[in-house]
2 protein chains.
Amino acid sequence: MKEKATSFDIAHHAGVSQSTVSRALRNSPLVNKETREKVQAIARELNYKVDKNASNLRRQHSKTLALLLFEDPTSDNSLINPFFLSMLGSITRASANAGYDLLISFQNLSDDWHAEYEDSNKADGIILLGYGDYTEYCTKLTQLEAQNTHFVRWGALDDEHPGVSIGCDNFQGGFDVTQHLLDLGRKQFAFIGGADSRAPEFFARYQGYYKALTLADVAQCAVQQDAISTEDSGYSATLSLLKRHPDIDAIVCASDLIAIGVLRALRDSNISIPQQIAVVGFDNVPVASFATPSLTTVKQDTILAGEILVDSLLRLIAGEEVEHYLMHVDLVIRQSSGA
Amino acid sequence: MKEKATSFDIAHHAGVSQSTVSRALRNSPLVNKETREKVQAIARELNYKVDKNASNLRRQHSKTLALLLFEDPTSDNSLINPFFLSMLGSITRASANAGYDLLISFQNLSDDWHAEYEDSNKADGIILLGYGDYTEYCTKLTQLEAQNTHFVRWGALDDEHPGVSIGCDNFQGGFDVTQHLLDLGRKQFAFIGGADSRAPEFFARYQGYYKALTLADVAQCAVQQDAISTEDSGYSATLSLLKRHPDIDAIVCASDLIAIGVLRALRDSNISIPQQIAVVGFDNVPVASFATPSLTTVKQDTILAGEILVDSLLRLIAGEEVEHYLMHVDLVIRQSSGA
DNA sequence: CTGAAAGCGCTTACAG
DNA sequence: CTGAAAGCGCTTACAG
């Protein structure tokens, strides 16, 4: 294995001091143009790259961001929530554009992640993505904040919780999609998905749903059925729901993954969609448009979300005050709502 | 901001030397059990984490792997090939299990990536994922090898090309899926996707396809239509194909993404699938089962693939000889082939 | 504009 | 089993 060149090697070849090499490579205005060019030429020739570890150690930062992904406890080993996956792309790109590397890691809520990254100087800040029991989550967030770790999270906005959050307008999305169904004449509503503070995003969607029903004066016969964000959970939730309430004509799902399971359960029960029961989801994941029937849902702008996440984190690292950010959502109308 | 504790702080608190702290934290058998436990307790209490930059600098490695993802030049900013995405999960997990961090980055084939990672000690090795013009790719691979960089790539196996490759049996997959169609009585075949050395994986699939047709003695009327791996490209390729060959009854696609476009084009042309034309894909991406009709395709085990990629890279880093690896594929029969 | 020197926080021979 | 010391490869005051 060829020895890696160091700045001393370059200095030697260029006939200057190592300090000058370092300056020249960083384009310091302090160094003479000719010297700088000579040094850079030699560096290129010797295939020299600044050693990140040394540079980071000296400068006390890592120019790296860590993306921590939490998974639903039930998802199998292979599956990542497609919604988060779509954010991954823009986060990666935004980090790169800002000159930061991106470390990615899947975590369990129970892991010791809250201390790992920034404390060991592996990353200058952390992006938190994922659902999970909010109560448990919250404790860790508090610790993170106590350690002065820089972090942003994707999730429900909540003034009480620690740190800064970027999230979409779950309430409005739940409201809009329910109103859409109401406008189409639906009356007997069911919401499938957790609707309590352990899952604040789902809860906000539920509250939007409930608000729309209340304004339309049909809230009294609305029902709710728990489910976590997987296809299987949506499937079995539907079966239970149908048993308890065979008369419903509209199902609002807390996520597309749930909705996909609902669609399958209804089909297996020989219930026509949307004629007998209309179904809507939330997230606009890629399969939503391929489902049969195609799924009416609420779209969150994942590209923008990734960019804002990175931008906010960078500003936090720079020491600025950063506010929560509420992202606008859009209704995507397809066949499953019967529009 | 609270000052971060260093090993000297721990040493001070524990009343031992800093060397001993370092040893104790790394569980060195050299240090007395009591001393070790005392040191570890204090470290925990002070929330001390070994500084990665210092440790890596000293040990001359980074304990991180870099995952470089190349994209099709035409894909828009948001979309990552879902096939690679599904490998991401297992690569991340496998790295973590081996105690390595994972850096991820999207690259253009034209970027200067071949020198960036290992040379700057950011990563101990590189995993290359993605399609792209093989000719251009190959040059970079040669440079990588010349620099003694540790890398593995996902792709076609080819003894001539530099480095070690892990790939699925594209030839067999192309053969199997074509044979499946042949068994169902199809006679007039078309292959949609690039079939030349710039895209060796597609080419191998094509060759498997062609071999099956040759054995069945129907190769003389088989056609091929270029397309890159996107839905849109599959769509327009189908339209051109139909114009040239209205008589075909089976389309073998080089990828699922292409197949999804083909399905849409046939539907828009009022051609029934699979009655008039049977369609098959390759990859078994998540939407394949949601397409209408659901797509018969070839499944590559992405979980295994990710594990083997990481394992091979780690062995390369450890200085072992590593062989290419050909992964087995499975036919997934759904509706689009008319079975 | 340039150089000599200190120091970032570790790990690990070396000596005891 | 433990400590004093060197050194990984940089960046950056400090002095000129």
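As the structure is a prediction and not an experimental result, all values here were calculated from the model. Order of the sequence lines sets the chain letters (A, B, ...), proteins ahead of strands, with each chain counted from 1.
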Are A/Gln60 and C/dG9 close enough that a side-chain N or O sits under 4.0 Å from OP1 or OP2? yes
Position toward the 5' end of DNA chain D (nearest nucleotide), B/Ala54 or B/Gly15: B/Gly15
Look at the side chain of A/Thr6 and decide which nucleotide, out of D/dG9, D/dC1, C/dA4, has an atom nearest to it. D/dG9
Does C/dC8 have its OP1 or OP2 closer than 4.0 Å to a side-chain nitrogen or oxygen of A/Arg59? no
A/Ser22 and A/Ser19 side chains, donor-acceptor separation under 3.5 Å: no
Distance check: side-chain N/O of B/Arg36 vs OP1/OP2 of D/dC1, anything under 4.0 Å? no
Pair A/Ser62-A/Asp124, side-chain donor/acceptor within less than 3.5 Å: yes
Could you tell me how far apart A/His61 (NE2) and D/dC10 (P) are, to the nearest whole angstrom? 14 Å
Checking all strands, does A/Ser22 fall into the base, sugar-phosphate, or nothing category for heavy-atom contacts under 4.0 angstrom? base
Between A/Thr35 and C/dT2, is there a contact of a side-chain N or O with OP1 or OP2 at under 4.0 Å? yes
Atom CD of B/Gln60 with >12 non-hydrogen neighbours under 6.0 angstrom: yes
Closer than 4.0 Å, any side-chain N/O of A/Ser19 to the OP1 or OP2 of D/dT11? no
Can you tell me the distance, in whole Å, between the CZ atom of B/Phe8 and the C1' atom of C/dG7? 11 Å
Would you state whether a donor and an acceptor, one from the side chain of A/Arg23 and one from the base of C/dG3, lie under 3.5 Å apart? yes
Using distance alone, with no hydrogens and no angle criterion, decide if A/Thr92 and A/Ser95 have a side-chain donor and acceptor under 3.5 Å apart. no
Please state how far atom CG in A/Leu25 lies from atom P in D/dG9, giving the value in whole angstrom units. 15 Å
Please find the pair of heavy atoms, one from B/Lys122 and one from B/Leu103, that lie closest to each other, and give the distance. O-CD2, 4.0 Å
Could you measure between the two C1' atoms, the one in C/dT12 and the one in C/dG16, and give it in whole Å? 16 Å
Taking OP1 and OP2 of D/dG3, is either one under 4.0 Å from a side-chain nitrogen or oxygen of B/Thr20? yes
A/Asn32 CG to C/dC1 P: how many Å, rounded? 6 Å
Residue A/Gln18, side-chain atoms from C-beta onward, closest of D/dG9, D/dC10, C/dC10: D/dC10
B/Ser55 side-chain N/O to C/dC10 phosphate OP1/OP2 under 4.0 Å: no
Can you list every stem that DNA chain D is part of, counting only runs of 3 or more consecutive Watson-Crick or G-U wobble pairs with both distances under 3.5 Å? C:1-3 with D:14-16, C:5-12 with D:5-12, C:14-16 with D:1-3
Rounded to whole angstroms, how far apart are NE2 on A/His12 and P on C/dG3? 14 Å
Which whole-number value in Å describes the distance from A/Leu30 CG to D/dT11 C1'? 12 Å
How far, in whole Å, is C/dT2 from C/dA6 if one measures between their P atoms? 23 Å
Are B/Ser90 and B/Glu307 linked by a side-chain donor-acceptor pair shorter than 3.5 Å? no
When rounded to whole Å, the CD to P distance for the pair A/Glu34 and C/dT2 reads 9 Å
Distance only, no hydrogens: is a donor on one side chain within 3.5 Å (strictly under) of an acceptor on the other, for A/Gln40 and A/Asn27? yes
Select one nucleotide: of C/dT2, D/dG3, D/dG9, the one nearest the side-chain heavy atoms of B/Val16. D/dG3
Grab the CG-P distance between A/Leu57 and C/dA6 for me, whole Å please. 17 Å
Does CD belonging to B/Glu34 count more than 12 external heavy atoms closer than 6.0 Å? no
